[in-house]
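Here the structure is laid out as C-alpha cells; the discussion comes afterwards.
Values in this document were obtained by computation on a predicted structure and should not be read as measured data. Index from 1, following the sequence.
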Amino acid sequence: MTTADLTAMTGLELLRWAAKQPTDRPSIGRLLGMTFDELEEGRVVLSLSTKPDFANPLGTVHGGIAATLLDSAARCTRRFRRVWGSRRWS
C-alpha cells in the first residue's frame, strides 16, 4: 500500500505499515529505541533497551521512560478502534 491508501487501512494494518517504515524520522520511539515486538488485533507489545541515561537518581529506570512506553502502547491499541473520516475514536 502507498501512503495514499492510509485512510483505507484498518488500525492493525496501519500499525504494521508504520512498524516497517524507516527509522530515520524524528520520533519519541526512535529517540528511546522502541521496537514493536508483537502486533495482533487488540494487542501491542513494545520494548526498549535501557541506557544509563534512562536512570533516575536511585539507578533504576526513570518513571518518565516507563510512562512513555506505556503511553505509546496504549495509544497503539486505540488505533484498532479508529473510525476513519471523523475525529472521534470508538
Side-chain angles (χ1 to χ4, degrees):
M1 292 190 171
T2 66
T3 54
D5 300 320
L6 292 179
T7 59
M9 293 182 186
T10 66
L12 181 57
E13 290 169 337
L14 182 63
L15 287 172
R16 287 181 175 157
W17 175 84
K20 293 178 184 176
Q21 297 309 300
T23 57
D24 58 348
R25 274 189 21 216
S27 69
I28 191 69
R30 184 184 83 171
L31 179 67
L32 297 180
M34 288 184 202
T35 58
F36 286 102
D37 294 335
E38 293 181 38
L39 279 172
E40 302 170 11
E41 188 66 41
R43 178 179 167 83
V44 174
V45 177
L46 293 171
S47 67
L48 58 81
S49 296
T50 61
K51 302 174 187 175
D53 289 342
F54 294 175
N56 62 25
L58 299 176
T60 60
V61 174
H62 189 279
I65 299 294
T68 300
L69 188 60
L70 174 62
D71 177 66
S72 296
R75 183 71 173 155
C76 287
T77 59
R78 288 292 288 161
R79 289 252 179 233
F80 296 125
R81 303 185 128 189
R82 184 164 189 166
V83 177
W84 288 107
S86 73
R87 296 187 62 112
R88 75 174 190 81
W89 297 75
S90 65

Residues forming a side-chain contact (heavy atoms from CB on, under 4.5 Å) with Ser27, sequence neighbours excluded: Arg30
Nearest atoms (heavy-atom pairs only) where Leu39 meets Ala19: CD1-CB, 4.0 Å
Asp37: partners by side-chain hydrogen bond (donor to acceptor under 3.5 Å, both in side chains), with sequence neighbours left out: Thr35, Ser47
Distance in Å, Ile65 CD1 paired with Met34 CE, rounded so as to fall on 0.5 Å steps: 8.0 Å
Atom of Lys51, atom of Leu31 and distance for their closest heavy-atom approach: NZ-O, 4.0 Å
Those residues that, when tested against Glu38, pass side-chain hydrogen bond (donor to acceptor under 3.5 Å, both in side chains) (two or more places apart): Arg43
Closest approach of Cys76 to Val44 (non-hydrogen atoms, all atoms of both residues): CB-CG2, 3.8 Å
Distance, nearest 0.5 Å, that separates CZ of Arg16 from CD of Glu40: 8.0 Å
Pairs where residues 61-74 contributes a residue and the test side chain to side chain donor-acceptor pair (under 3.5 Å) is met, not counting sequence neighbours: none
Which pairs of donor and acceptor atoms, one on a side chain in residues 54-61, lie under 3.5 Å apart (sequence neighbours left out)?
| residue | atom | partner | partner atom | Å |
| --- | --- | --- | --- | --- |
| Asn56 | OD1 | Leu58 | N | 2.8 |
| Asn56 | OD1 | Gly59 | N | 3.1 |
| Asn56 | OD1 | Thr60 | N | 3.2 |
| Asn56 | OD1 | Thr60 | OG1 | 3.3 |
| Asn56 | ND2 | Thr60 | OG1 | 2.9 |

Test side-chain contact (heavy atoms from CB on, under 4.5 Å) applied to Val45 and Phe36, step by step: CA-CA 6 Å; Val45 177; Phe36 286 102; over 6 Å; no
